[in-house]
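For the single chain, residues carry numbers from 1 onward in sequence order.
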Amino acid sequence: MGWLRKIGRGERAVLIVALGAAFGLLGEYTVASLNTPIGWVAYAPLNQTTLSGSVSHWADYLILVGFIALWAVLSLGILRAGRRHPSDSNPPTTDR
């Protein structure tokens, strides 16, 4: 990921915000897809009864916390990629 060292601090901030938004949407989609009703089974079609194929609320929170943790770890990696390590820079030499 050498391209991360080339982008500026502001561009890294925009990348982190975009990554957070993408993980937020992905988390909401994942929770919503796990909580969709599966329709009627052995009931009359006019009946409004649906079986919920949902996971519990604490599992929803754990999924979202997992996405937030993944975002935080990746964000730290993006921010650290911009740091200059002393071994990376070559100090100017003076020949006299």
Which side-chain N or O atoms in residues 21-32 pair as donor and acceptor under 3.5 Å with protein atoms at least two apart or in another chain?
from : atom 1 : to  : atom 2 : distance (Å)
T30  : OG1    : L26 : O      : 2.7

About how many Å separate CD1 of I68 and OH of Y61, when rounded to the nearest 0.5 Å?
11.5 Å

Do the side chains of L74 and I16 get nearer than 4.5 Å, heavy atoms only?
no

Spacing of S75 atom OG and L70 atom CG [to the nearest 0.5 Å]
9.0 Å

Please determine whether residues I7 and V14 belong to a single hydrophobic cluster, defined as Ile, Leu, Val, Met, Phe, Trp and Tyr linked transitively by side-chain heavy-atom distances below 4.5 Å.
no

If I take atom CG from residue L15 and atom CD1 from residue I78, how far apart are they, to the nearest 0.5 angstrom?
4.0 Å

Once rounded to the nearest 0.5 Å, what's the spacing between atom CZ of R12 and atom CZ of R5?
9.5 Å

Linking Ile, Leu, Val, Met, Phe, Trp and Tyr through side-chain heavy atoms less than 4.5 Å apart, which residues share a cluster with W58?
L62

Would you say W3 ends up clustered with L79 if hydrophobic residues are merged whenever their side chains have heavy atoms under 4.5 Å apart, either directly or through other cluster members?
yes

Once side-chain contact (heavy atoms from CB on, under 4.5 Å) is applied, do any residues pair with A59, and if so which ones, sequence neighbours excluded?
V55, S56

